[in-house]
Amino acid sequence: MNGIPFVKMHGLGNDFVVFDGRRDPAVLDLDNATAARIADRKTGVGCDQLIVIEPARDDLADAFMRIRNNDGGEVEACGNATRCVASIVMGELGRNDAIIETVVGLLDANGLADGQVTVDMGQVRLDWRDIPLSEAVDTNHIPLSLGPLSDAVGVNVGNPHAVFFVDDAEAVDIEKFGPILEHHEMFPERANIEVCSIIGENQIRMRVWERGVGVTRACGTGACAVGIAAARRGLTGRKTDVILDGGKLTIEWLPDDHVLMTGPVATSFQGFLHSSLLGAH
Ligand SMILES: N[C@@H](CCC[C@H](N)C(=O)O)C(=O)O
């Protein structure tokens with residue numbers, strides 16, 4: 001078969017094209033335009049994020065994971081893809097644990113008996129400079145309003161998130177407000193936008209507009225941000241179930257400020273990338 005092999009995976013419908021750069025060096029150092037062409041659902045393979053597994057840089061890590069959004073831009077974190085990559089690496093190692101390296105650090109992953117994967121997404125950052133925000137404001141009450149959305153909580157889980165609580169998350173036109181908020185001047189690196197409602201004890205319904213993608217069926221780092229935001233506001237405890245369009249993630253904000261995310265991993269199919277999609281590479 002011609003072309004570069006990839007596997008199409010997803011976490012709760014948040015879908016990925018996963019390449020193995022350890023075996024196929026042609027996928028290392030993709031430029032943004034090439035990544036966007038591959039991720040495009042009309043002209044390419046189609047995915048929310050394009051993932052390249054690379055050799056680990058750190059001796060402690062089992063593999064490095066590079067993450068690009070659907071628009072081709074490289075980003076720091078992707079919770080759902082980390083579970084998928086961890087499941088590949090754990091399979092290779094014949095172990096139930098793996099350390100996945102990203103541009104923001106080392107993430108510990110553990111496979112559970114029921115097939116789900118837990119990832120320690122690292123230390124959460126809550127200072128305005130770290131979200132980052134463009135002004136020194138209380139990140140538990142960011143003064144920002146648009147339509148039915150106001151008073152956001154800022155959380156950085158490796159990547160920037162703004163969480164809005166509303167009475168009914170289903171009623172919000174996220175396609176309308178998401179892109180405006182993603183590009184709001186308050187967020188110098190743009191932001192992922194979560195809209196959520198408390199629907200029971202330690203149960204949160206969440207919808208997401210992802211930076212560099214749009215509406216997705218799930219966002220792992222977004223669910224972490226929502227769990228942390230709800231606990232910061234005193235709306236839930238530190239362990240919550242977050243219900244996304246694609247299903248449930250369990251989030252636990254630990255006393256040392258690390259955040260654990262637990263959820264499923266799925267493989268859709270294996271394919272080969274047509275060389276024309278790699279352009280100059
Ligand atoms: N789908 C992801 C997040 C991917 C990156 C995000 N769109 C960003 O730009 O920061 C997840 O599961 O966390």
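As the structure lists them, so they are numbered: ligands from 1, and atoms in each ligand from 1. Values below: all heavy atoms of this structure, side chains included; hydrogens, waters and symmetry mates excluded.
Taking every heavy atom of both residues into account, T139 and D127 meet most closely at CG2-C, 3.9 Å. Between R190 and G212, the closest heavy-atom pair is NH2-N, 3.3 Å.
Among protein heavy atoms, the minimum distance from atom 2 (C) of ligand 1 is reached at C78 SG, 3.1 Å. In this structure, atom 5 (C) of ligand 1 lies nearest to the protein heavy atom A77 O, 3.3 Å. For atom 7 (N) of ligand 1, the closest non-hydrogen atom on the protein side is E210 OE1, 2.8 Å.
Of the charged side-chain nitrogens involved, none lies within less than 4.0 Å of a carboxylate oxygen, so that R57 and E101 do not count as a salt-bridged pair. Electrostatic pairing of R22 and D20 counts as a salt bridge here, judged by a charged N lying under 4.0 Å from a carboxylate O. Taking the charged nitrogens against the carboxylate oxygens, E182 and R211 have no contact shorter than 4.0 Å, which rules out a salt bridge. Between D48 and R68, no side-chain nitrogen of the basic residue sits less than 4.0 Å from a carboxylate oxygen of the acidic one, so the salt-bridge criterion is not met.
The shortest N/O to N/O separation between G220 and ligand 1 falls below 3.5 Å. Note: no N/O pair closer than 3.5 Å links F16 and ligand 1 by distance alone. Residue contacts with ligand 1: E76 is placed with no nitrogen or oxygen under 3.5 Å of a nitrogen or oxygen of the ligand (distance criterion only).
Taking 4.0 Å as the cut-off, G212 does not count as a neighbour of ligand 1 on heavy-atom distance.
The closest side-chain donor-acceptor pair between N14 and Q49 falls under 3.5 angstrom.
Counting heavy atoms closer than 4.0 Å to ligand 1, residue D48 contributes nothing at all. Here N80 has heavy atoms under 4.0 Å from ligand 1 in both its backbone and its side chain.
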